[in-house]
Amino acid sequence: MMEDKRSPRRSISSRLTPVAISFARLSIVWLMIIFLLSIFELIYNGLVHQFPENFAGILFWSFLNDLVFWFKCLIYLFIIYTVLSFFSQKFAHIVYSVFIVLLVIVQLCLTSYFTTSLVPLGADLYSYSAKDIKQTIGASGGVSFIEIIAFILIITGAIFALWFLAPRIKIKRYVAFGLLLISFFVAAMGVQAMIGQAAFKSDFSNNLVINKSDHFWNASYRHFFPGPDDVDIYADSYISDYGDSGKNKSIGFKYTDPQHYPFLHSDSVADVLSPFLKGNATPPNIVIVLVEGLGRAFTNEGGYLGNFTPFIDSLSGKSLYWKNFLSEGGRTFAVLPSILGSLPFAKNGFLELGDGMPKHLSLLSLLKYNGYHTSFYYGGDSKFDNMQSFLQKNATDEINDEKSFPVGYTRLPAPNGFSWGYNDKELFRHYLLTRDEKATAPQLSVVLTVSTHNPFAINEEDKYLAQFEQRMTNLGFDEAKKSEHRNYKLQYASIMYLDDALRGFFNEYKKRADYNNTIFLITCDHRMPEIPMSDKIDRYHVPLIIYSPMLKRTSQMASVSTHFDISPSLLAYLHHNYKTKGPTLVSWIGQGLDTNRNFENLHNYPLMQTKTDIIDFIMGEYHLNGDNLFKLNSELGEDPIHDDDKANQLKNAFDQFKKRNNMIITGNYIIPDSIHQHYNPVKGK
């Protein structure tokens, strides 16, 4: 009897062919949807913000990144689809279709996030508490009615295409298997790395072309499944031997016990402020004003987007002013540990360690040890980002936040029912009314503003929108430039509001008895990303102003320093002039402010953009962002360069920081208990 060739034992190929064809049909529809979503994103951002100049080039890079993302996913999804098909091909079809719709929803949410923040969402999502996420979503202003309608139409269209269009697509077997073969090649060979990244003139355009789902899923994978750190055999090279032709030598530390205290070293920071600040009979009050989101791009002379802070600009001319200063973080989470403690980042920012923060010292605890009264002022909730925990561990005498404001103070407007807290004018008023100008003890006060935070809802909005319009006219903007800036009118209006609030603060402070014995520092937590950025370093480029009636002379510095350098330099000045006491062994990352009037960078420092991204490192005139190398210019702009030797120098130095930082993550100490117990007034903290 002859064997029936149509028996149930069909070849693997014949069984896989209908599965592959069905999968390919749905996948091609998914690719079409991905392309349409990219077009939607470009148009959406163009309407909300601005249309980029090279629209065709940006569309090409968007489609290319989409295609790579699509191919990377296919081979893995096909394996799952095939397994499900063994049970029921209809079931596999339904599951895959539902999964595609879910991916579309995720992509739309990520697009909405990017349009609001102008930064692609990554694994930093997992580093915030549920309460912090709720606050941040509330601050974004919610989703508009037009967005909801657009999202519904897109999702409905996707469902329709998957249900009605996919079955009508004619596809050959060799095409279906060919797509899978290409997918395997793209996933296995790392084609995305071979293609590289877009290199448009603005960081906004480079971020715009990124497939937001690809960025998010890659970052999420690295977050939950981190790979082993790559250790270069030359990792000890160049750490204390960096320079260009023997000049611009970087500053280095001699670490005393790197196995147990990876950042502990002798206190060797020089007093560079005494040549500018006279010494009074009694230790001065110190007021540190941390302005939310104020970047150099739109403040002071030389801001490439224009000078929208006339008061701050006038104050800079009467001060010590660093025009090429850098924040250490791209979000607020990094500002307190960096400025007050010159502390490492740990894994997700030092504050994220919460109660597990290793024992450390800071400007707060050391000045309290020396008789200072310490206070913190913030118009919002000080528990955000674990700021309150950090302040308590550093023995802060007063923590004033939204709960401490009495009746009669005005909160910021609450679009969609959310408000960050009290506006900056009220914050400064609260500070002035609660600080005793005749106190016998010197005072250290830290004031963190909030009005220039998304959603940029301010009191007296019409007044400051009108001032914004007048300011553009005063700056000589043509109509095209005015129109471009109006895309961010709420941001600019909030900046002008903050500038006016600072003017009022200083005008009132001048009337106080302690004014002549006060040193003011003004800097920013980071540059707001909601106005498009020109390059990667722009995210960190902020001003530093030291103003005081105690100034002997003013000066403008073009040299580069960062938040890490502030506390070491203040403590060196106070020790030199007022004999304040501190340990001989310290853990500062900062090497002190550079007061050179000419452009240079003596520092080797990491920068942390989000709670999961320690990917930036500066060294001399160079900036490493991931695997990309940039050269800084005298205005702290940057241009991409290709120099493997220089890139390896920065990578090796960066690796040294990461090694030390990882030791903090795994439980090493920052300072010995004996030093902490002696200088921190809060025992056991």
Side-chain angles (χ1 to χ4, degrees), residues 269 271-274 276-291 315 318-322 325 335-342 361-378 390-391 394-400 427-428 431-432 434-449 502 505-506 508-510 512-525 543-552 561 563-582 588 590 592-593 679 681:
V269 175
D271 172 22
V272 299
L273 296 178
S274 285
F276 303 96
L277 287 163
K278 65 183 180 182
N280 288 341
T282 58
N285 294 335
I286 297 173
V287 179
I288 301 176
V289 180
L290 306 176
V291 180
L315 192 68
K318 307 170 187 175
S319 308
L320 304 180
Y321 168 50
W322 282 260
F325 198 71
V335 70
L336 295 186
S338 299
I339 287 181
L340 300 176
S342 198
L361 296 178
S362 72
L363 186 67
L364 290 163
S365 55
L366 286 172
L367 289 193
K368 177 161 183 175
Y369 175 83
N370 283 278
Y372 271 73
H373 180 92
T374 57
S375 60
F376 175 76
Y377 286 79
Y378 179 51
F390 174 79
L391 295 164
N394 283 279
T396 308
D397 290 308
E398 297 180 35
I399 301 176
N400 300 281
L427 173 66
F428 291 134
Y431 170 87
L432 290 166
T434 52
R435 296 267 50 83
D436 183 2
E437 60 184 301
K438 297 181 180 179
T440 56
Q443 302 189 44
L444 166 64
S445 300
V446 181
V447 184
L448 175 60
T449 72
L502 276 172
F505 174 65
F506 276 91
E508 289 301 315
Y509 215 111
K510 289 177 181 178
R512 291 170 58 96
D514 58 351
Y515 173 69
N516 289 324
N517 195 40
T518 301
I519 299 172
F520 301 90
L521 289 87
I522 302 173
T523 188
C524 318
D525 55 352
L544 171 65
I545 299 164
I546 299 181
Y547 171 77
S548 176
M550 299 167 57
L551 280 172
K552 295 185 284 188
S561 294
H563 283 167
F564 281 154
D565 300 307
I566 290 177
S567 282
S569 284
L570 282 175
L571 288 165
Y573 165 78
L574 293 171
H575 173 71
H576 180 258
N577 290 276
Y578 303 97
K579 307 306 177 188
T580 55
K581 295 179 174 60
W588 317 130
L593 296 167
Y679 288 99

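Note that the numbering runs from 1 along the sequence shown for the chain. We use all heavy atoms of the structure for the numbers below, so side chains are in, but hydrogens, waters and symmetry mates are not.
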Check ring pair (Phe, Tyr, Trp, His ring centres under 6.0 Å) between Y372 and all other residues, then give those that pass, not counting sequence neighbours.
none
Residue set satisfying side chain to side chain contact (heavy atoms under 4.5 Å, CB included) with S319, at least two apart, ordered chain then number -> L315, I545, Y547
N280: partners by side chain to side chain contact (heavy atoms under 4.5 Å, CB included), with sequence neighbours left out:
K278, N517, M550, Y578
Using the side chain to side chain donor-acceptor pair (under 3.5 Å) criterion, which residues pair with Y378? Sequence neighbours excluded.
none
Applying ring pair (Phe, Tyr, Trp, His ring centres under 6.0 Å), name anything that partners F428, two or more places apart in sequence or on another chain.
F505
For D397, all residues meeting salt bridge (Lys or Arg N to Asp or Glu O under 4.0 Å), sequence neighbours excluded:
K368
Quick test of your reading: applying salt bridge (charged side-chain N to carboxylate O under 4.0 Å, His left out), list the pairs with at least one residue in residues 513-523, sequence neighbours left out, ordered by first then second residue.
R512-D514
Who pairs with E398 by salt bridge (Lys or Arg N to Asp or Glu O under 4.0 Å), at least two apart in sequence or on another chain?
R435
Could you list the residues that satisfy side chain to side chain donor-acceptor pair (under 3.5 Å) with N370, not counting sequence neighbours?
none
Mind checking side chain to side chain donor-acceptor pair (under 3.5 Å) for T580 and listing every partner two or more places apart, or none if nothing turns up?
none
The side chain to side chain contact (heavy atoms under 4.5 Å, CB included) partners of A439 (sequence neighbours excluded) come to D436, Q443
Who passes ring pair (Phe, Tyr, Trp, His ring centres under 6.0 Å) against F376, sequence neighbours left out?
none
